[in-house]
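Working notes, structure below.
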Amino acid sequence: MRPDQPADPQTCRSAGVSAHSADEKDWEAAKAFFDNLKTKKPRPPKPRFAVTIAVSSRTLFNMVHEREIYEKEGMEKYVLYQVEHENEPLKPGAAFPFVKALMNVNSRLRDFYPDSEELFDIVLMTNNHAQVGVRLINSINYYDLTIERFCMTGGKSPIGYLKAYMTNLYLSKDAQKVTEAIEEGIAAATMFMPDTENELSDTQLRVAFDGDAVLFSDESEVIVKQHGLDTFFEHEKKFENKPLAQGPLKCFLEALGKLQRKFYVKNERINCPIRTFLVTARSAASSGARVLKTLRSWGLEIDEALFLAGAPKGPLLQKIKPHIYFDDQMFHIEGAKELGTISAHVPYGIGQKYHRGKLIEQPAKAE
C-alpha cells in the first residue's frame, strides 16, 4: 500500500479487533500470574471498569514532619530521611479512613460478584521521588491496604497522568494541583485532617456532599453572591423545572450510585455499604425543589437530603460522621473539621472569591 493510499475500513476494523484481543490475552496472562502469587490481596480491577480514586501520599499518610524536612533542608535530606526510616510505617492521614471504607465496599462487592471488575481501585498518585517508594510500600503493607498502582513523578506534577489512569476522583493536600485537576475536568478536592477524631463506621462508606458548586454548577451561587437571597429564591422558583448544570463532583456521585445499584439488585438496599448525603445551606421550601428535581433528571439518588437554611453544617456532620465531606466554601470546611469531620475543599466557582460572605480583595493585574 502506498503511503498516501487510504486504509481499507475493513482492514482497520480487523486490526482494531486483533489489538483488543491481544490486550485481553495480556490481561488474562497478568491476571493468572497475580492469582498464582502467594498473597491474600485481591488483584486490581481493569481500569476501564473500576472507579479509580487517586490519592497523594501526604493525603493517605500524615507526613507533616517529613514535609518540614523537605521545606527546611531540601530534597536530598528529605529523601535520605525517608530511606533511613523506610521500615518505620507512616501514620494515617486524612484520606486513610476513606480508603479503608473503599476496601470494605470492595470486599462486599466481591461477595456478591466474585468475578466483577466494577470495584474501587485506589492509586497512589504522588510527586515523590522513587527512592521514597520503599517506605510508602512498607506503610501500605503494614496497614494491609490494597493499593497496587503507584504513580511517582519525582518532583513533577502528577496531574498530567490522571486521565491516563482513568481517574474518577483525585484527593491531595496541594490546592494548586487540585485546581489544575478540576480545570482538566477531573473531580478533585483538597483534604484536611479534622481537629478532633470521630469514631467512623467500619461497615459503611459514608460520603457527604454540598450542593451548589460541588454536585451542581455555581450558577445559583452567583445569584446569591451578586443579588442576594430574595432574588435567588425568585430565580430558583422560576426555574424549578430546569435542571441545574453539573458541578465538578457530579460524576463521582454517579459512580457511587452505579455501585450502590449493584447491591440493590441483590435486595441489599437496607444493608448497602455505601450511603450518600446532600448537606446544603439551601432552604427546602424556598429553593429545595430544583435540587431534588435536578438529581431526578440525572437519574441519581441521594440517600439523605439535609436542607439547613443557612444553619451551621458542623453539628449535623458530627452526627452523620462521613468518611469524607465535600464543600466549595472554606468556612464550612473550617466549621466541619473543628467538630471532627474529615473535610475536602472543592476549589470551584464564585465561592472562591468570598470568605464568610465577604468578597476577598483580588490582587490588581499588571497592565
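In this chain, numbering begins with 1 at the start of the sequence shown.
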- Given the rule in the side chain to side chain contact (heavy atoms under 4.5 Å, CB included) test, do F307 and L292 qualify, once you have shown the distances and angles that lead to the verdict? CA-CA 11 Å; F307 295 88; L292 298 178; 4.2 Å; yes
- Item | Derivation of the salt bridge (Lys or Arg N to Asp or Glu O under 4.0 Å) call for D210 and K313 | CA-CA 10 Å; D210 179 35; K313 297 181 179 181; 3.0 Å; yes
- Query: When you look at F209 and V207, which way does the side chain to side chain contact (heavy atoms under 4.5 Å, CB included) test go after all the steps?
  - Reply: CA-CA 7 Å; F209 300 89; V207 183; 3.6 Å; yes
- Item | Residue pair K238, E234: steps toward the salt bridge (Lys or Arg N to Asp or Glu O under 4.0 Å) verdict | CA-CA 6 Å; K238 180 179 179 181; E234 292 172 5; over 6 Å; no
- Message: Run V346 and D327 through side chain to side chain contact (heavy atoms under 4.5 Å, CB included) and show every step you take.
- Response: CA-CA 6 Å; V346 181; D327 202 298; over 6 Å; no
- Message: Does K156 form a side chain to side chain donor-acceptor pair (under 3.5 Å) with N127? I'd like the steps, not just the answer.
- Response: CA-CA 6 Å; K156 294 184 179 180; N127 63 355; over 6 Å; no
- Query: Can you list the steps and then say if I320 with L306 is a side chain to side chain contact (heavy atoms under 4.5 Å, CB included)?
  - Reply: CA-CA 11 Å; I320 294 172; L306 308 165; 3.4 Å; yes
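By the 6.0 Å contact criterion, CZ on F49 is enclosed, its count of non-hydrogen atoms from other residues, nucleotides or ligands being greater than 12. At most 12 heavy atoms of other shown residues, nucleotides or ligands fall within 6.0 angstrom of atom CD in Q131.
Between S220 and D212, the closest heavy-atom pair is CB-OD1, 3.9 Å. Contact between L162 and I186 at its shortest, heavy atoms only, is CB-CD1, 3.4 Å. K250 approaches L215 most closely through the heavy-atom pair CB-O, 3.5 Å. Taking each heavy atom of P97 and L200 in turn, the nearest pair found is CB-CD1, 3.7 Å. Heavy atoms only, all atoms of each residue included: V132 and Y78 are closest at CG2-CE2, 4.0 Å. Residues T280 and G211 approach most closely at CB-N, 4.5 Å, considering heavy atoms.
Taking the charged nitrogens against the carboxylate oxygens, E304 and R206 have no contact shorter than 4.0 Å, which rules out a salt bridge. Looking at R108 and E268, a side-chain N of the basic residue comes within less than 4.0 Å of a carboxylate O on the acidic one, giving a salt bridge. Ion pairing between E219 and R290 holds under the 4.0 Å rule for side-chain N and carboxylate O. A salt bridge does not link K177 to E180: none of the charged side-chain nitrogens sits closer than 4.0 Å to a carboxylate oxygen. A salt bridge links R67 and E71; the closest N-O separation between the charged side-chain nitrogens and carboxylate oxygens is under 4.0 Å. Between E118 and K258, at least one side-chain nitrogen of the basic residue sits less than 4.0 Å from a carboxylate oxygen of the acidic one, meeting the salt-bridge criterion. Salt bridge E236/R282: present, at least one basic N to carboxylate O contact under 4.0 Å.
Using modelled atom types, one side-chain atom of K163 and one backbone atom of E184 make a donor-acceptor pair closer than 3.5 Å. No side-chain donor-acceptor contact under 3.5 Å links T59 to the backbone of V55. T167 places no side-chain N or O within donor-acceptor distance of the main-chain N or O of Y170, the cut-off being under 3.5 Å. A donor-acceptor distance shorter than 3.5 angstrom exists from the side chain of E117 to the backbone of K46, with no hydrogens or angles considered. Judged by distance alone, the side chain of N104 and the main-chain N or O of T203 form a donor-acceptor pair under 3.5 Å. The main-chain N or O of E88 is found under 3.5 Å from a side-chain atom of R135 such that the two form a donor-acceptor pair. Side-chain N or O atoms of Q260 include one that pairs as donor or acceptor with a backbone N or O of I274 at under 3.5 Å. A side-chain donor-acceptor contact under 3.5 Å links H345 to the backbone of D328. A donor-acceptor contact shorter than 3.5 Å links the side chain of N62 to the backbone of V64. Formation of a donor-acceptor pair under 3.5 Å by the N168 side chain with backbone atoms of T52 is found in this model.
The ring of Y81 has its center closer than 6.0 angstrom to the ring center of H65. The distance between the ring centers of F277 and Y325 does not fall below 6.0 angstrom.
Each of L102, I140, L145 was evaluated against I122; a single residue qualifies, L102, per the side-chain contact (heavy atoms from CB on, under 4.5 Å) test. Applying side-chain contact (heavy atoms from CB on, under 4.5 Å) to V178 and the options P248, S172, S56 leaves one that passes, S172. For the salt bridge (charged side-chain N to carboxylate O under 4.0 Å, His left out) with E301, the qualifying choice from R275, R269, R296 is R269, the only one to do so. The side-chain contact (heavy atoms from CB on, under 4.5 Å) test with L278 is passed by exactly one of L253, I302, V214: I302.
Follow the hydrophobic side-chain contacts under 4.5 Å out from L295 and you reach L256 in the same cluster.
Cation-pi geometry between K262 and Y113 is satisfied (NZ or CZ under 6.0 Å from the ring centre, within 45° of the ring normal).
The aromatic rings of F61 and F96 lie tilted to each other, with the angle between the two planes from 30° to 60°.
Rounding to the nearest 0.5 Å gives a distance of 11.0 Å between CD of E66 and CZ of R58.
Taking the side chain as every heavy atom from C-beta outward, F98 and I342 never approach each other to under 4.5 Å. Residues H129 and M152 fail the side-chain proximity criterion, which asks for heavy atoms closer than 4.5 Å. Contact of the L339 side chain with the L317 side chain is not registered, since no non-hydrogen atoms from C-beta on lie closer than 4.5 Å.
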